[in-house]
Number of protein chains: 2
Amino acid sequence: MDIPMDAKQIHHGKESASCPMDFILRMLMGPWTTYILYNLKTHGPQRFGELKRRVAGISAKMLTERLRTLEGASLVRRDYEATIPPKVTYSLTQRGHELDDVLGKLAEIGMRWEAEDAALRAARAAELKAAE
Amino acid sequence: MDIPMDAKQIHHGKESASCPMDFILRMLMGPWTTYILYNLKTHGPQRFGELKRRVAGISAKMLTERLRTLEGASLVRRDYEATIPPKVTYSLTQRGHELDDVLGKLAEIGMRWEAEDAALRAARAAELKAAE
DNA sequence: CCGTATCCCCGGGGATACTG
DNA sequence: CAGTATCCCCGGGGATACGG
């Protein structure tokens, strides 16, 4: 299970006034964030370990930090049961679900682009083959 | 002009299959990316230096790298005129403009949340003041 | 089981100086 | 003007071990 790194991201935005969507993108942009939200949306409320298993490759430290941030932004809810062993369940809040539409649209566009690019590459490859 | 850093982001996604919007978010998530797209959308096609001035605090290295990535993803178009001095103009492609709606929606949600949070904080402050 | 604490490391990003 | 080249640095993130 190798975990390639592919994109690093630092945001230096001084004031969000110059870019209205900065506030919200700062949330979505966090590392792994989309995987987490996607899993919570798709598989419903689930426990820490479950989530960690699904978001393959994430470290406990990172998962904790992301969940805390999302909780702080009221996108995710944390339910703690002090049983033995303890049981912690995470779920999307109402606010979290407000992203469903946008994320769906984003997913649609992304997949369309991927498909278009793939088709283009295939066409190019076929062209090359025909030319030889 | 101090430039605070506030969010770092590494994406370790192995396969995008587990998260359909990963592909597109990888683009938008890049550092400064939203500022750049926002400026190109708002102020129209513009030259490298102009863009650099508007995206306050970005380094030439970073701006170049981001523009190249966006160009590679066909979101941004680069027009080069070999005059003296040379003139390079960047603009959104048609594909780049496909994001207008989603980004607008995202901006709307983000601003609403910000307003809600601000109102909540104000209410809390007032409550505290009344209590003393 | 659900985390935190500690250590260590690496590569992304700024600053500066330079070219076409 | 629009970048590249070089250097340097720091802090984010993984791994590991441990606590409640």
Side-chain angles (χ1 to χ4, degrees), chain A residues 1-14 26-27 29-36 39-40 45-72 76-91, chain B residues 1-14 26-27 29-36 39-40 45-72 76-91:
Chain A
M1 190 197 283
D2 59 320
I3 310 296
M5 303 166 90
D6 23 41
K8 188 157 203 174
Q9 164 139 161
I10 301 199
H11 226 86
H12 307 240
K14 199 162 42 174
R26 235 192 278 261
M27 291 301 320
M29 276 168 18
W32 301 98
T33 310
T34 55
Y35 291 110
I36 295 167
N39 270 298
L40 287 176
Q46 53 197 294
R47 304 179 58 181
F48 184 88
E50 230 175 319
L51 206 47
K52 184 169 185 314
R53 233 168 298 120
R54 283 226 178 78
V55 184
I58 195 172
S59 65
K61 185 181 175 182
M62 192 72 227
L63 183 53
T64 302
E65 188 268 335
R66 286 286 84 199
L67 286 170
R68 291 286 183 279
T69 303
L70 289 170
E71 199 191 349
V76 160
R77 175 180 169 173
R78 179 177 187 270
D79 289 296
Y80 180 81
E81 290 179 55
T83 53
I84 296 185
K87 181 175 176 181
V88 183
T89 308
Y90 293 93
S91 55
Chain B
M1 189 201 281
D2 59 321
I3 310 297
M5 304 167 89
D6 22 44
K8 187 157 204 174
Q9 160 137 169
I10 300 199
H11 227 87
H12 307 241
K14 201 163 42 176
R26 235 192 277 261
M27 291 303 318
M29 275 167 20
W32 303 97
T33 310
T34 56
Y35 292 110
I36 295 167
N39 270 298
L40 287 176
Q46 54 196 295
R47 304 178 58 181
F48 184 87
E50 230 174 319
L51 206 48
K52 183 169 187 314
R53 234 168 296 121
R54 283 224 178 79
V55 184
I58 196 173
S59 64
K61 185 180 175 184
M62 192 73 227
L63 183 54
T64 302
E65 188 269 334
R66 286 287 84 198
L67 286 170
R68 292 285 185 279
T69 304
L70 289 169
E71 199 191 349
V76 160
R77 175 181 169 171
R78 178 176 188 270
D79 289 297
Y80 180 81
E81 291 180 54
T83 54
I84 296 184
K87 182 175 176 180
V88 182
T89 308
Y90 292 94
S91 56

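Order of the sequence lines fixes the chain letters, A, B, ..., with proteins taken first and strands second; residue numbering starts at 1 for each chain.
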query = With sequence neighbours left out, what residues match A:R78 under side-chain hydrogen bond (donor to acceptor under 3.5 Å, both in side chains)?
reply = A:Y90
task = Send over the distance from B:E65 CD to C:dG13 P, rounded to a whole Å.
result = 7 Å
inquiry  = Quick check: closest heavy atoms across B:M27 and B:L70, and the distance to 0.1 Å?
reply    = CE-CD2, 3.5 Å
Check: B:L63 and B:W32 side chains under 4.5 Å, non-hydrogen atoms = no
note = Sorted by chain and number, sequence neighbours left out, side-chain hydrogen bond (donor to acceptor under 3.5 Å, both in side chains) with B:T69 holds for B:E65
ask   = With respect to the side chain of A:M62, which nucleotide from D:dG13, C:dC2, C:dG14 is positioned closest?
value = D:dG13
I'd like a table of atom pairs between the protein and nucleotides 4-6 of chain D - only N or O on both sides, under 3.5 Å - with the distance next to each one.
{"unit_1": "D:dT4", "atom_1": "OP1", "unit_2": "B:R68", "atom_2": "NH2", "d": "3.4"}

ask   = Rounded to whole angstroms, how far apart are CD on A:E71 and P on C:dC2?
value = 15 Å
ask   = Quick one: B:K87 NZ to D:dC1 P, roughly how many Å, whole number?
value = 12 Å
request  = Would you indicate which nucleotide in D:dG3, D:dC1, C:dG3 comes nearest to any side-chain atom of B:R78?
outcome  = D:dG3
Below 4.0 Å: OP1/OP2 of C:dC2 and any side-chain N or O of A:R47 = yes
key: Nucleotide nearest A:Y90 (side chain, heavy atoms from C-beta), chosen from C:dG3, D:dG20, D:dG14   = C:dG3
